[in-house]
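Okay, structure first, notes after.
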Amino acid sequence: MSDTTAEAPAAPAVTAPVRGGGPESLTDRLRSPRTYAVLIGSLLLLVLPFYLDRFWLQAGLFAMAAAIGAIGLNMLTGATGQLSMGHAFFLAVGAYGYCVLAGESSTENGHSLTGLGLPTWLAAILAVLLAGAAGGIFSPIAGRLRGAYLGIATLALIFIGQHVLFNAGSLTGGYNGRAVPPLSVFGFTFDDSELVVAAVPFGSSEKLWYAGLLALLLSALFARGVLRGRPGRAMNAIRDHRIAAGVMGVPVARYRAGVFVLSSMYAGLAGVLLALVFQRTVPEYFGMILSLEYLAMIVIGGLGSVAGAVIGAAFVSLLPQVFTHYSDSLPLVSAPGTGGLAPGEASRYLYGAAVVAVVLFLPGGLARLGLARTKKPKAPKNPAVPKQPVAPKNPGEKS
């Protein structure tokens with residue numbers, strides 16, 4: 001009997017590209033729903049000043065400033081694992097640093113205010129660097145402490161900052177604060193002088209809208225580059241396992257100190273933008289509650305994510321504005337000063353509950369919801385490669 005077996009046919013050469021496998025092409029990225037959503041959102045943000053009133057524009061500017069500060073805190077706390085309770089201190093350094101550097105010496109509310117009278121664009125840059133220098137002074141402590149110990153140490157900055165802001169009247173104006181000089185860049189001033197664009201009058205809020213968008217875009221792109229590059233991998237290694245990161249050659253103390261300085265500069269930029277929007281700095285605003293709000297932003301949005309910082313900042317900063325605007329029609333919420341539940345208190349209760357809900361049910365934050373929807377399905381098997389047929393056995397061969 002012949003014991004020859006049927007020969008299996010050779011698999012044909014694969015010429016078609018494998019769908020779903022390998023890196024995504026540029027064409028696929030441009031055609032993705034996420035790209036369309038980004039383009040539509042960007043266009044919407046650009047045209048909003050032509051349709052929104054001053055209240056909502058200021059609320060959006062508050063959200064932009066909060067997003068910039070939250071991105072910096074997220075790099076420190078979310079990506080590196082360093083808890084900071086003193087973020088509001090560096091916002092105050094940026095805001096008051098801009099006022100002192102750009103303002104003129106004058107007398108206001110019984111205080112002889114000191115001002116250097118520098119060009120406002122230069123004062124804004126120097127105020128950000130001043131906040132970074134303040135973070136650099138504290139960075140040796142930040143490089144050696146971690147966890148709750150660093151949180152307690154940075155909490156001291158709030159008390160020191162509040163004491164200085166209330167008592168250094170020549171710099172801060174005391175309890176009543178001091179006026180903020182409007183920003184001027186190449187002769188264009190971001191003030192309330194009317195500018196008509198497409199039959200729409202542009203005031204300070206409309207003008208600052210585009211400056212805030214540009215600052216937020218540059219801040220987000222820089223942070224994204226840091227987190228996706230080699231420094232970001234080192235920061236994540238320090239957060240996940242400090243000792244292992246040190247064994248692999250990561251200078252742990254140096255990275256911690258450097259990220260603390262970078263986070264302080266982000267806070268300084270947010271403070272400058274806040275001062276320009278408020279048009280007056282008040283010491284009471286830069287207190288412990290503001291630092292807690294920034295921690296709530298990054299927890300609700302998503303730790304270690306630039307998009308999460310922006311989403312959380314928008315949620316926490318816009319909520320009081322919405323409650324204030326619709327306090328007459330919302331249950332249990334009343335206008336400020338009427339004796340009921342104030343919009344600010346109601347918003348704190350709500351995003352406090354949101355923090356608990358996120359920690360319990362959505363550890364990745366609100367940013368993970370969008371990622372889960374846009375996550376690609378697993379790559380299907382290549383239909384161009386047929387299965388290898390099994391050779392039939394010889395009928396005379398024992399199994």
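The figures here come from the full heavy-atom set of this structure, side chains too, leaving out hydrogens, waters and symmetry mates.
Residues Asn74 and Leu303 are in side-chain contact: their nearest non-hydrogen atoms beyond the backbone lie under 4.5 Å apart. The side-chain heavy atoms of Val180 and Tyr98, taken from C-beta on, include a pair separated by under 4.5 Å. When side chains are defined from C-beta on, Leu76 does not count as touching His87, because their heavy atoms never get closer than 4.5 Å. In this structure, Thr172 and Arg178 have side chains that are not in contact, with every pair of non-hydrogen atoms separated by 4.5 Å or more. Counting heavy atoms from C-beta outward, Leu83 and Leu295 have side chains that approach closer than 4.5 Å.
With hydrogens and angles ignored, the 3.5 Å screen pairs a side-chain donor or acceptor of Glu206 with a backbone N or O of Gly203. No donor-acceptor pair closer than 3.5 Å links the side chain of Thr120 to the backbone N or O of Ala102. No donor-acceptor pair under 3.5 Å is formed between the side chain of Thr107 and the backbone N or O of Ser112. A distance-only check finds a donor-acceptor pair linking the side chain of Tyr266 to the backbone of Ser219 [under 3.5 Å]. Judged by distance alone, the side chain of Ser263 and the main-chain N or O of Gly72 form a donor-acceptor pair under 3.5 Å. Panel note: side chain Arg224, backbone Ala307; no donor-acceptor pair is recorded below 3.5 Å.
With a 6.0 Å radius and a threshold of 12 heavy atoms from other residues, nucleotides or ligands, Arg228 has its CZ atom at or below the threshold. Atom CZ of Arg54 is surrounded by more than 12 heavy atoms from other residues, nucleotides or ligands within 6.0 Å.
The ring-ring contact (aromatic ring centres under 6.0 Å, His included) with Phe90 is formed by just one residue from the set Tyr294, Phe260, Phe138; it is Phe260. When each of Leu91, Leu61, Ile68 is checked for a side-chain contact (heavy atoms from CB on, under 4.5 Å) with Leu274, only Leu91 meets the rule.
Scanning all heavy atoms of the two residues, the minimum distance from Ala79 to Leu227 falls at CB-CD2, 3.6 Å. In this structure, Leu157 and Phe89 approach most closely via the heavy-atom pair O-CD1, 3.4 Å. Gly174 and Pro283 make their closest contact through O-CG, 3.1 Å (heavy atoms, listed as atom of the first residue, atom of the second, distance). Of all the heavy atoms in Ala88 and Gly287, the pair that sits closest is CB-O, 3.4 Å. Nearest approach of Gln82 to Thr77, heavy atoms of both residues: O-OG1, 2.8 Å. A pairwise comparison of heavy atoms in Leu318 and Ala59 identifies CD2-O, 3.4 Å as the closest pair.
Atom OG of Ser205 and atom CG of Asp53 lie 9.5 Å apart (nearest 0.5 Å). How far CE of Met235 is from CZ of Arg239: 9.0 Å, rounded to the nearest 0.5 Å.
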Determine whether Phe222 and Leu262 satisfy the following criterion, side-chain contact (heavy atoms from CB on, under 4.5 Å), listing intermediate values before the conclusion. CA-CA 11 Å; Phe222 181 80; Leu262 184 59; 3.9 Å; yes
Which is it for Met75 and Thr80 under the side-chain contact (heavy atoms from CB on, under 4.5 Å) test, yes or no, and what are the steps along the way? CA-CA 6 Å; Met75 285 194 291; Thr80 317; 5.7 Å; no
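A distance below 6.0 Å separates the ring centres of Phe166 and Tyr175. Between Tyr210 and Phe190, the distance separating the two ring centers is not shorter than 6.0 angstrom.
Listed by chain and number, the residues in a side-chain hydrogen bond (donor to acceptor under 3.5 Å, both in side chains) with His241 amount to none (sequence neighbours excluded).
Annotation: ring-ring contact (aromatic ring centres under 6.0 Å, His included) contacts involving residues 48-77, sequence neighbours excluded, comprise Phe50-Phe202, Phe55-His325, Trp56-His325, Phe62-Phe278.
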